[in-house]
Amino acid sequence: MGEAAKRDGRRGRDGGRPALTALASARIALAGGASRARAPAGGAARRAAAFLTDARRAPPVLGALLFAAAFLALPVVRFESAWSTELRAAPSADGAPGELLGASTASDGQWRFPPSESVSARFALAAEAWEDRRFRAHAGFDPRAVLRAFRDNARAGEVRSGGSTLSMQVVRLARAAARPDDPPARSLATKLVELVLSVRLELVRSKDEVLALWAAHAPFGGNVVGLEAASFRWFGRPPGELTWAEAATLAVLPNEPGLVHPAGDRERLAAKRDRLLDTLAARGALAPEALPFSRGEPLPTEPESLPALAPWLLAAASASGAAEQETTLDASLQRRLLELARRYAAQSRHADNYALVVARVDDGAVLAWVGNAPAPAVEAFTGQVDCASAPRSSGSILKPFLYAAMLDSGELAPQALVPDIPTRVGSFSPENYDKRFEGAVAADEALARSLNVPFVRLLRSYGVDRFHALLRGLGFGRLFRKAEDYGLSLVIGGAEVTLAEAAGAFADLARAAKGGPATVLGVSWRPRSETAASAAPRYPFSAGAAALTLRALADAERPSEEIGWRGFASARRIAWKTGTSQGWRDGWAVGTDGDHVVAVWAGIATGEGRA
């Protein structure tokens, strides 16, 4: 029995004997044909276990596993760069990024735009042909290029070529960015580190992603880093619009970025570009008949100015720390209205500064924002002030909201007569614009003619505290003082409001009038999520009160100097309101056709009065 027990133990049937290890048990079980017949599905697993646990194979297998683990533990290159702030218009219908409206340098003074997900086709072909011809074939480093560089350097007796692939250059750029004050020395050891990390990089990044990383961080001369910034700085347009000659010029720059400087070796730059163009033509990327024209294109001479279509919004985006700020703006409309405002400012005799905001009624999305179009004489002093977001005296533009509130509460009717007679409340004695009194006037006519005295009397009846709370609920957040500090002047110019707030309030009024979502959205040049829009406060007026208010602003008779607006009635029904502050410091006009709202401010940014 003792001998039988030993045989049974050797066959792996007695798992309790300490002399029989798990390794021996696995080997005996693997050799047993009956065991394979009974459990064919588990045979492969047991054979694998036997292979990995075989005492003879364990050291190399474990060594390989440890090497793989150590290799995978190597850090993937990361860039901790400071980015420029990009301001872009609303995306196109196909989802492509919107037009660049403006950009600012990064905190380190470099033009360095955030990386794109892809690289323009022409530049990609040019960069691969110049920097790394076998980029799509190797796994991070190119043995042929390394051997060729070693041969050429040995013949020259000095280092002329490093044999670096695009992947290795990405590693070098990342390591240099991490140690800007003490970049890694150029040595054989450094090259080996770059080689290993480039292979590691390509395990987690596709070829297109590696190329995009290189294009985003390569130097392009001066303080220009990355393809996107270089394309705008040297050629004034995005990478997707570059010609073959322009793409080739940028592709050869990272190798010698100083060549693009006006004092650089222009002939050498042209020779390198033309050599690359010849290569592209030989590869079939560039049509042979187009080659002479491409070679004849001029090189860039001076850096181009970046777009500056909305510098006020760019300043706000930069202050928030955003690298890429998408907006709701329509680039074409923004460009046209900016030019229109500047033309008016140059011709105006009564106002030094103009601002305007255009927005959609349905969602409050801003389509154009001109923060300040100054007259040439004051541009240096006040041109950077964003008058569209600066608090100014409201003039008469708050009267429609008192009118709508009293209609909604049943305290007023459009044809109800309101007194327009000399009025004194303590030391306060309001006057109409023309210094005249009508005696009694219909409420809708008083609104259309913007008569001060009737609205002061209406506010006294409605309550200053009540109206103050209503205005804050409508989005007029610059009313920082207590209601009693404003008094009855709250409705005729005593309040502080911004042009953007006024545009938002009229947009909400128009949306309520046509039965849209009854919420206080205001306007925003930043995209808003549907969740944020649905969480907005409920609008305080009914659709009927809002519609009657806009009807009064569209139908009633206007003063003689405003009769010209009647000419638009046949083309588009417009409800609009004007306002003027004391001393002509501020002039307002806000109008809506139900689909869009246009708000314009004209005045003196310094706050000086003018007769």
Side-chain angles (χ1 to χ4, degrees), residues 77 79 81-84 103 105-106 108-116 119-120 122-132 135 149 159-186 190 194 210-239 242-277 279 297-306:
V77 294
F79 289 91
S81 303
W83 301 111
S84 297
T105 57
D108 59 0
Q110 304 289 310
W111 289 105
R112 186 189 297 106
F113 289 3
S116 301
V119 178
S120 64
R122 286 183 176 176
F123 180 82
L125 290 172
E128 291 177 31
W130 185 258
E131 292 284 353
D132 192 353
F135 175 64
V159 178
R160 290 189 174 181
S161 173
S164 294
T165 62
L166 286 172
S167 306
M168 293 171 68
Q169 292 184 47
V170 169
V171 172
R172 184 171 68 247
L173 290 169
R175 297 183 74 211
R179 299 164 52 184
D181 298 327
D182 183 26
R186 302 297 295 273
T190 299
E194 293 171 359
V210 172
L211 180 60
L213 278 173
W214 177 81
H217 296 278
F220 286 88
N223 65 338
V224 181
V225 177
L227 172 63
E228 190 86 13
S231 183
F232 276 101
R233 288 295 282 166
W234 297 122
F235 297 106
R237 51 183 171 273
L242 295 176
T243 66
W244 276 112
E246 292 166 346
T249 301
L250 293 182
V252 303
L253 272 183
N255 190 262
E256 288 187 82
L259 293 180
V260 76
H261 193 274
D265 190 340
R266 314 293 288 176
E267 293 183 1
R268 179 173 171 77
L269 176 59
K272 294 178 73 172
R273 179 201 67 177
D274 293 347
R275 191 160 70 249
L276 176 54
L277 289 172
T279 300
E297 287 189 27
L299 295 172
T301 54
E302 296 286 343
E304 299 277 348
S305 297
L306 268 72

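Listed for the Ser231 side chain is a donor-acceptor partner under 3.5 Å among the backbone atoms of Arg237. With hydrogens and angles disregarded, a donor-acceptor distance shorter than 3.5 Å links the side chain of Thr249 to the backbone of Ala245. For Asp132 (side chain) and Leu166 (main-chain N/O), a donor-acceptor pair under 3.5 Å exists by modelled atom type. Under the 3.5 Å distance criterion, the side-chain polar atoms of Arg266 are matched with a main-chain donor or acceptor of Val260. Of the possible polar contacts, one joining the Arg112 side chain to the Ala82 backbone as a donor-acceptor pair under 3.5 Å is found. Judged by distance alone, the side chain of Arg268 and the main-chain N or O of Leu259 form no donor-acceptor pair under 3.5 Å. When atom types are taken as modelled, the side chain of Glu246 and the backbone of Thr243 share a donor-acceptor pair closer than 3.5 angstrom.
Using a 4.5 Å heavy-atom cutoff, the side chains of Pro219 and Leu173 are in contact. The shortest side-chain heavy-atom distance between Arg233 and Glu304 does not fall under the 4.5 Å cut-off. Taking 4.5 Å as the limit, every side-chain heavy atom of Glu256 sits out of range of all side-chain heavy atoms of Leu269. Side-chain contact between Ser84 and Gln110 is absent, with no heavy-atom pair separated by less than 4.5 Å. Trp130 has its side chain out of reach of Leu125: every pair of non-hydrogen atoms, C-beta onward, lies at least 4.5 Å apart. For the pair Leu306 and Trp111, the minimum side-chain heavy-atom distance is below 4.5 Å.
Here Leu211 contributes atom CG and Ser167 contributes atom OG; the two are 9.5 Å apart, rounded to the nearest 0.5 Å. Atom CG in Leu276 sits 9.0 Å away from atom CH2 in Trp244 (nearest 0.5 Å). In this structure, Glu194 CD and Ser164 OG are separated by 5.5 Å, a value rounded to the nearest 0.5 Å. With rounding to the nearest 0.5 Å, the separation of CD in Glu297 from CZ in Phe235 is 8.5 Å. Annotation: the span from His217 atom NE2 to Gln169 atom CD amounts to 13.5 Å, rounded to 0.5 Å.
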Next on the checklist: If you apply the rule side-chain contact (heavy atoms from CB on, under 4.5 Å), what do you find for Asp265 with Glu267, and how did you get there?
Outcome noted: CA-CA 6 Å; Asp265 190 340; Glu267 293 183 1; 3.8 Å; yes
Item to check | Residues Arg122, Leu242; criterion side-chain contact (heavy atoms from CB on, under 4.5 Å); working and verdict | outcome: CA-CA 8 Å; Arg122 286 183 176 176; Leu242 295 176; 5.9 Å; no
Next on the checklist: Applying side-chain contact (heavy atoms from CB on, under 4.5 Å) to Thr190 and Arg175, what does each step give before you reach the verdict?
Outcome noted: CA-CA 10 Å; Thr190 299; Arg175 297 183 74 211; 3.7 Å; yes
Next on the checklist: For a side-chain contact (heavy atoms from CB on, under 4.5 Å) check, start with the C-alpha distance between Val225 and Phe113, then their side-chain angles and the critical distance, and finish with the verdict.
Outcome noted: CA-CA 8 Å; Val225 177; Phe113 289 3; over 6 Å; no
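Contact record, Ser116 with Glu228: OG-OE1, 3.7 Å, taken as the closest heavy-atom pair. Closest heavy-atom contact between Ala124 and Val119: N-CG1, 4.1 Å. Here the shortest heavy-atom pairing between Ser120 and Pro239 reads OG-O, 3.6 Å. The minimum heavy-atom distance linking Ala248 with Leu277 is given by the pair CB-CD2, 3.8 Å. The shortest heavy-atom contact between Ala251 and Pro254 is O-CD, 3.5 Å.
Between Phe123 and Trp214, the ring planes are parallel. Angles under 30° get that label, and only those over 60° would be called perpendicular.
The aromatic ring centres of His261 and Trp234 sit 6.0 Å or more apart.
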